[in-house]
Amino acid sequence: EAGVVQSPRYKIIEKKQPVAFWCNPISGHNTLYWYRQNLGQGPELLIRYENEEAVDDSQLPKDRFSAERLKGVDSTLKIQPAELGDSAVYLCASSPGRGGETQYFGPGTRLLVL
Amino acid sequence: GENVEQHPSTLSVQEGDSAVIKCTYSDSASNYFPWYKQELGKGPQLIIDIRSNVGEKKDQRIAVTLNKTAKHFSLHITETQPEDSAVYFCAARNNAGNMLTFGGGTRLMVKP
């Protein structure tokens with residue numbers, strides 16, 4: 001069974017540029033999460049989807065971050081414009097049911113904003 | 001909200017020795033506690049988890065203990081091997097069951 005797929009794996013951009021990350025969860029997993037992981041820290045939740053509905057986006061900086069999960073399968077996270085402080089690893093995870101139990105993580109996208 | 005603290009931040013052991021990582025949480029209603037292993041350049045991988053109705057769980061060389069009264073849980077790795085070297089994260093699920101809060105991580109180094 002394929003795991004969570006993310007692309008790109010690495011991205012280097014200049015500040016004020018837009019950037020987008022893509023995630024394809026494990027087949028059949030209804031819940032999808034986007035996390036941000038700063039260097040030397042644990043993942044922090046940005047947004048959680050139940051199917052196509054964003055049910056928890058309280059930690060998403062809505063002035064520059066947006067996300068969508070059309071058709072309740074794959075998802076895109078966008079930053080526009082990017083700032084220096086956005087440099088981090090962006091992790092996508094999925095789980096088969098509601099809630100936070102047994103989340104499976106993708107390899108992440110490492111973003112560097114110059 | 002939930003707050004999870006993890007100690008130590010770094011741990012170095014000799015191959016074959018045991019390693020213990022400890023976490024405390026603040027929300028007494030949290031009921032699910034997973035542990036993740038993250039290798040360089042990869043996403044976190046679940047290695048073991050425990051629910052609040054269980055005090056201890058073991059899987060080969062890995063065990064987790066939970067003390068609900070004290071609100072702390074620990075990861076125990078016995079007979080450590082160089083391939084155990086990684087960053088380990090503990091997490092707690094909140095009462096509503098919809099969010100994991102992670103600790104700050106422990107970098108484990110197993111010296112051959």
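Letters A, B, ... are given to chains in the order of the sequence lines, protein chains preceding strands, and every chain is numbered from 1. In what follows, every heavy atom counts, from backbone to side chain, and hydrogens, waters and symmetry copies are set aside. Remember, it's a predicted structure, so these values are computed and weren't measured experimentally.
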Worksheet item: Can you check whether B:Phe102 reaches A:Leu45 side chain to side chain, under 4.5 Å on heavy atoms?
Response: no
Discussion item. With a 6.0 Å cut-off (strictly less than), is the heavy-atom count around NZ of A:Lys71, excluding the residue itself, greater than 12?
Written reply: no
Practice prompt. Check whether B:Arg107 gets within reach of chain A through its side chain, its backbone, both or neither, counting any heavy atom under 4.5 Å.
Written response: neither
Worksheet item: Should A:Tyr90 and A:Ile47 be counted in the same cluster of Ile, Leu, Val, Met, Phe, Trp and Tyr side chains packed under 4.5 Å apart?
Response: yes
Worksheet item: Out of A:Ala93, A:Pro43, A:Gly40, which one racks up the most heavy-atom pairs below 4.5 Å with chain B?
Response: A:Pro43
Worksheet, complete the sentence: Listed by number, the residues in residues 38-46 of chain B that come under 4.5 Å of chain A (heavy atom to heavy atom) are B:Gln38, B:Gly41, B:Lys42, B:Gly43, B:Pro44, B:Gln45, B:Leu46
Worksheet item: Do the side chains of B:Val20 and B:Tyr88 join up, straight or via other hydrophobic residues, at under 4.5 Å, putting them in one cluster?
Response: no
Item to complete: Let me know which of A:Phe105, A:Tyr104, A:Tyr35 forms a ring-ring contact (aromatic ring centres under 6.0 Å, His included) with B:Tyr36.
Response: A:Phe105
Practice prompt. Decide whether A:Leu60 and A:Leu70 are clustered together by the hydrophobic rule: side chain heavy atoms of Ile, Leu, Val, Met, Phe, Trp, Tyr closer than 4.5 Å, transitively.
Written response: no
Fill in: B:Gln14, CD: over 12 other non-hydrogen atoms inside 6.0 angstrom
yes
Practice prompt. Flag yes if more than 12 heavy atoms outside B:Glu79 fall under 6.0 Å of its CD atom; otherwise flag no.
Written response: no
Discussion item. Tell me which of these, A:Gly108, A:Cys92, A:Pro107, has more heavy-atom pairs under 4.5 Å with chain B than the rest.
Written reply: A:Pro107
Worksheet item: Does atom CG of A:Leu39 have more than 12 heavy-atom neighbours from other groups under 6.0 Å away?
Response: no
Worksheet item: In the single-linkage hydrophobic clustering (I, L, V, M, F, W, Y; side-chain heavy atoms under 4.5 Å), do B:Phe89 and B:Leu108 co-cluster?
Response: no
Worksheet item: Are B:Phe73 and B:Val87 connected in the hydrophobic side-chain network, where two residues link if heavy atoms are under 4.5 Å apart?
Response: no
Worksheet item: Under 6.0 Å from the CD atom of B:Gln60, do we count more than 12 heavy atoms belonging to anything else shown?
Response: no
Worksheet item: Does any heavy atom of chain B fall under 4.5 Å from the side chain of A:Gln37, the backbone, both, or neither of them?
Response: side chain
Discussion item. For the CD atom of A:Glu44 and the CG atom of B:Leu100, what is their distance to the nearest 0.5 Å?
Written reply: 13.0 Å
Discussion item. Donor-acceptor check, side chain of A:Tyr33 to backbone of B:Met99, threshold 3.5 angstrom: yes or no?
Written reply: no
